[in-house]
Amino acid sequence: MTILKCTAVNCLYNKSQLCSRGEIDVIGEQARIADETSCGSFLDRREAPSVNRRDCGMDCGCETISIDCKAQNCTYNEHCRCTAASINVSGDHASACRETRCDTFACKC
């Protein structure tokens, strides 16, 4: 499992810059730079129905998390799983997944 720090504070799953979802998807299949990646699991807490807020999973964030990685060119992608010891997902003011990114992305190209 990978250590995750996340600044996408508008995400329903963000709990004190940790993730309460259990696992996330990093997308950006053809990415060559970090700006071409994003957290496909992002869900804007302001847009989510209140029923989802109660059913979103754990009440607290976890520091370690399972990460499915679709960024084929990333050095840390091994069979669609992130192998980095830790990653940072940014998106301070994000309101959609495309406004987030995996800052740890490193192109092997």
Side-chain angles (χ1 to χ4, degrees):
M1 296 252 238
T2 301
I3 296 172
L4 171 74
K5 295 294 181 197
C6 178
T7 64
V9 294
N10 292 333
C11 182
L12 177 64
Y13 304 111
N14 190 306
K15 307 290 184 195
S16 302
Q17 297 194 356
L18 301 175
C19 187
S20 66
R21 190 165 190 267
E23 67 179 25
I24 65 167
D25 295 317
V26 172
I27 57 176
E29 194 170 297
Q30 300 303 315
R32 297 180 84 66
I33 59 173
D35 283 342
E36 295 174 341
T37 66
S38 59
C39 178
S41 303
F42 177 91
L43 182 59
D44 190 331
R45 73 176 65 243
R46 299 165 297 188
E47 302 291 322
S50 59
V51 104
N52 284 347
R53 292 176 193 211
R54 289 189 299 271
D55 298 333
C56 72
M58 301 178 310
D59 290 330
C60 60
C62 292
E63 186 173 79
T64 57
I65 193 166
S66 178
I67 301 171
D68 288 333
C69 181
K70 308 297 187 289
Q72 296 175 0
N73 295 321
C74 185
T75 301
Y76 304 110
N77 183 335
E78 189 172 307
H79 306 291
C80 294
R81 301 299 289 177
C82 181
T83 61
S86 64
I87 72 163
N88 294 311
V89 173
S90 63
D92 296 7
H93 304 290
S95 60
C97 75
R98 69 183 175 281
E99 297 170 351
T100 64
R101 78 168 175 252
C102 177
D103 288 333
T104 309
F105 176 87
C107 192
K108 61 184 171 188
C109 38

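Reckoned from all heavy atoms, side chains included, excluding hydrogens, waters and symmetry mates.
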* **Residues clustering with Ile24 (ILVMFWY side chains joined when closer than 4.5 Å, directly or via others)** => Leu4, Val26, Ile65, Ile67, Ile87, Val89
* Asked: Would a distance-only check, ignoring hydrogens and angles, find a side-chain to backbone donor-acceptor pair under 3.5 Å from Arg98 to Thr37?
  -> no
Tabulate below the donor-acceptor pairs under 3.5 Å that side-chain atoms of residues 100-109 make, not counting sequence neighbours, or state none.
unit_1: Thr100; atom_1: OG1; unit_2: Cys39; atom_2: N; d: 2.8
unit_1: Thr100; atom_1: OG1; unit_2: Cys97; atom_2: O; d: 2.6
unit_1: Arg101; atom_1: NE; unit_2: Asp103; atom_2: OD1; d: 2.4
unit_1: Arg101; atom_1: NH1; unit_2: Asp35; atom_2: OD1; d: 3.0
unit_1: Arg101; atom_1: NH2; unit_2: Asp103; atom_2: OD1; d: 3.3
unit_1: Asp103; atom_1: OD1; unit_2: Ser90; atom_2: OG; d: 3.2
unit_1: Asp103; atom_1: OD2; unit_2: Ser90; atom_2: OG; d: 3.2
unit_1: Thr104; atom_1: OG1; unit_2: Asn88; atom_2: N; d: 2.9

* Mind checking the NE2-CG spacing from His93 to Asn10? Nearest 0.5 Å is all I need. => 8.5 Å
* Quick one: list whatever passes side-chain contact (heavy atoms from CB on, under 4.5 Å) with Glu63, sequence neighbours left out. => Ile3, Lys5, Leu18
* side-chain hydrogen bond (donor to acceptor under 3.5 Å, both in side chains) against Ser95, all qualifying residues, sequence neighbours excluded -> Glu99
* Which atom names give the shortest non-hydrogen contact between Cys69 and Cys82, and what distance separates them? -> CB-N, 4.3 Å
* **Residues clustering with Val9 (ILVMFWY side chains joined when closer than 4.5 Å, directly or via others)** => none
* Residues Gln30, Gln72; criterion side chain to side chain contact (heavy atoms under 4.5 Å, CB included); working and verdict -> CA-CA 6 Å; Gln30 300 303 315; Gln72 296 175 0; 3.7 Å; yes
* Asked: Asn77 side chain to Ala71 main-chain N or O, any donor-acceptor pair under 3.5 Å?
  -> yes
* Asked: Quick check: does any side chain N or O of Ser20 sit under 3.5 Å from a backbone N or O of Lys15, one acting as donor and the other as acceptor?
  -> no
* Asked: In chain order, what residues pass the side-chain contact (heavy atoms from CB on, under 4.5 Å) check against Glu23, with sequence neighbours excluded?
  -> Arg21, Ser66, Asp68
* For Tyr13 and Ser41, which heavy atoms make the closest approach, and how far apart are they? -> CE1-O, 3.5 Å
